[in-house]
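A quick write-up on the structure given underneath.
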Protein chains: 2
Amino acid sequence: MSVTLDYVPQLRARGYRMTSQRMAILRVLHHFGGHLSPTQVYEQARKQLPNLTETTVYRTLEFLAEHGLARSAHMGNGHLVYEIAQHEHHHLICRNCGNTVEVKHSLLKTMYQKLESSSGYKLTDSHLTFFGLCSDCK
Amino acid sequence: MSVTLDYVPQLRARGYRMTSQRMAILRVLHHFGGHLSPTQVYEQARKQLPNLTETTVYRTLEFLAEHGLARSAHMGNGHLVYEIAQHEHHHLICRNCGNTVEVKHSLLKTMYQKLESSSGYKLTDSHLTFFGLCSDCK
DNA sequence: CATGCTATTGCAAGAAGTTGCAATAAGGAA
DNA sequence: TTCCTTATTGCAACTTCTTGCAATAGCATG
Ligand SMILES: [Mn+2]
Ligand SMILES: [Mn+2]
Ligand SMILES: [Zn+2]
Ligand SMILES: [Zn+2]
């Protein structure tokens, strides 16, 4: 069965609706797997839904991220990219050559706990971007 | 002596120049202390330098961050803010009420080391933004 | 299946951020 | 001081992102 239908109950339960626009965008994110910019999502999703607008893409991506169906990340230039929400992970990018490595969340787990107990906050996000110099560039 | 002049040798050594635009922007960042959006920097700096353009502000802020005189941070909406580079710190923001707390870098130190040894990267950045729910909101 | 409520979308206008290029002005050298 | 190189800026055109509002369409209810 269609991947996107799995999300319907999640939305309904919170009073939201599944629309053709949301389905198309979820399908794009799910199929591509990696990070996509709003414009890239727009280009892809438009193939399925020609009268989709960029406005809706921006609003939908933000909506999906807010409700845990997608994750956003900034890749250094101040622009957000999005991906389908799956396993928790982070990114490490070389400032010089742009090479990127995925970071397991388990590496940050104890730090997250320290942060939570010292601040009283409950951390919700696990999709950070770190910057550094890779072994070749440093 | 003027704060901004202290930066001159740092720039010269790398082949860059100190300009009235850079001075004005550094003065604004230094005087304000906290995070400012490019537009806010523009508004302030323009008081000293009426024919400054927004283009130059964007390019200058990026330049200053790239060379360690300023730090950038994204505050959740995908937009960058800037501040003068001083002590290393991070931020923790409540997704619900927007309340923010400063996080000491020392809390992340051992995690940074783990990350470095497991990835082979040398981490350059210490100005992250974490998201969560504050004690009132969670 | 028809109706009504309201979440969601598209449109239009505007704000924010980017880029190429020619003119300007730091600042090293003579 | 004057000259010269080239880093830096301003301008104009463009792309990306945001917002208010009226029209549309999910979907719950009867
Ligand atoms: Mn990711
Ligand atoms: Mn900060
Ligand atoms: Zn590298
Ligand atoms: Zn809160």
Side-chain angles (χ1 to χ4, degrees), chain A residues 2 4-28 35-46 48-67 69-70 72-82, chain B residues 2 4-5 7-26 28 35-46 48-67 69-70 72-82:
Chain A
S2 160
T4 58
L5 291 184
D6 297 348
Y7 294 116
V8 173
Q10 277 189 73
L11 295 181
R12 293 267 174 85
R14 309 195 195 190
Y16 302 115
R17 298 169 185 177
M18 178 55 83
T19 65
S20 57
Q21 291 86 343
R22 286 179 183 167
M23 292 208 299
I25 290 169
L26 281 167
R27 248 184 263 120
V28 166
H35 296 163
L36 287 169
S37 70
T39 305
Q40 292 172 315
V41 171
Y42 173 63
E43 299 299 355
Q44 294 305 312
R46 202 147 73 118
Q48 307 170 37
L49 217 69
N51 58 340
L52 177 68
T53 62
E54 287 188 83
T55 305
T56 297
V57 171
Y58 283 106
R59 286 198 278 227
T60 300
L61 289 172
E62 197 181 340
F63 171 89
L64 295 175
E66 201 173 315
H67 293 90
L69 309 195
S72 66
H74 70 119
M75 299 318 264
N77 42 67
H79 289 188
L80 292 181
V81 292
Y82 292 84
Chain B
S2 160
T4 58
L5 291 184
Y7 294 116
V8 174
Q10 276 188 74
L11 295 181
R12 293 270 173 84
R14 309 196 197 189
Y16 301 116
R17 298 168 185 178
M18 179 54 84
T19 65
S20 57
Q21 291 86 344
R22 287 179 182 166
M23 292 209 298
I25 291 169
L26 280 167
V28 167
H35 296 162
L36 286 169
S37 71
T39 305
Q40 291 172 316
V41 171
Y42 174 63
E43 298 300 354
Q44 294 304 314
R46 204 147 72 116
Q48 308 170 35
L49 217 69
N51 58 341
L52 177 68
T53 62
E54 288 188 82
T55 305
T56 296
V57 172
Y58 283 108
R59 285 198 278 228
T60 300
L61 289 171
E62 197 181 340
F63 171 89
L64 295 175
E66 201 173 316
H67 294 90
L69 310 194
S72 66
H74 71 118
M75 298 321 262
N77 41 66
H79 288 188
L80 291 181
V81 292
Y82 291 84

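Because the structure is a prediction, the values reported are computed rather than measured. Throughout, a chain's letter reflects where its sequence line sits, starting with A, and its residues are numbered from 1.
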### Task
By nearest nucleotide on DNA chain D, pick out whichever of B:Asn77 and B:Thr60 is the more 5' one.
B:Thr60
### Query
DNA chain D: B:Thr53 or A:Glu62, which has the more 5' nearest nucleotide?
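Whichever sits nearer the 5' end wins; that is B:Thr53.
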### Query
Is A:Thr39 touching bases, backbone alone, or none of the nucleic acid, heavy atoms closer than 4.0 Å?
sugar-phosphate
### Query
At under 4.0 Å between heavy atoms, what does A:Thr19 touch on the DNA or RNA strands: base, sugar-phosphate, or nothing?
sugar-phosphate
Any idea which of [options] is nearest the [X] side chain?
X	options	answer
B:Arg12	C:dG28, C:dG17, C:dT9	C:dG28
B:Thr56	D:dC17, D:dC27, D:dT9	D:dT9
A:Arg22	D:dC17, D:dT9, C:dT9	C:dT9
A:Leu52	C:dG10, C:dG27, D:dT16	C:dG10

### Task
Starting from the 5' end of DNA chain C, give me the residue, B:Thr55 or A:Gln21, whose nearest nucleotide shows up first.
A:Gln21
### Task
Map A:Ser20 and B:Tyr58 onto DNA chain C by nearest heavy atom, then report which one ends up closer to the 5' terminus.
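Nearest-nucleotide comparison on DNA chain C picks A:Ser20.
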### Message
Contact between B:His74 and B:His79 at the side-chain level, heavy atoms closer than 4.5 Å - yes or no?
### Response
no
### Message
Measuring only between side-chain heavy atoms, which start at C-beta, is A:Leu36 closer than 4.5 Å to A:Tyr82?
### Response
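Heavy-atom side-chain distance check fails, nothing below 4.5 Å.
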Please give, in whole Å, the distance from [N] [atom2] to [X] [atom1]?
X	N	atom1	atom2	value
B:Met23	C:dG27	CE	P	9 Å
A:Phe63	D:dT18	CZ	C1'	19 Å
B:Leu36	C:dG17	CG	P	13 Å
B:Glu54	D:dT9	CD	C1'	15 Å
B:Arg46	D:dT9	CZ	P	17 Å
B:Asn51	D:dC11	CG	P	7 Å
A:His79	C:dG17	NE2	P	8 Å
B:Leu80	C:dA15	CG	P	21 Å

### Query
More than 12 heavy atoms of other residues, nucleotides or ligands under 6.0 Å from CD of A:Glu54: is that the case?
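It does: A:Glu54 CD has more than 12 such atoms within range.
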### Task
Record whether the side chain of A:Arg17 comes under 3.5 Å of the base of C:dT6 through a donor-acceptor pair of N or O atoms.
yes
### Message
Check this for me: does the side-chain of B:Arg59 come within 3.5 Å of the base of C:dG17 through a donor and an acceptor?
### Response
no
### Nearest-0.5 Å distance that lies between atom OG1 in B:Thr55 and atom OH in B:Tyr42
9.0 Å
### Query
Can any side-chain N or O of A:Gln40 pair as donor or acceptor with the backbone N or O of A:Ser37 at less than 3.5 Å?
yes
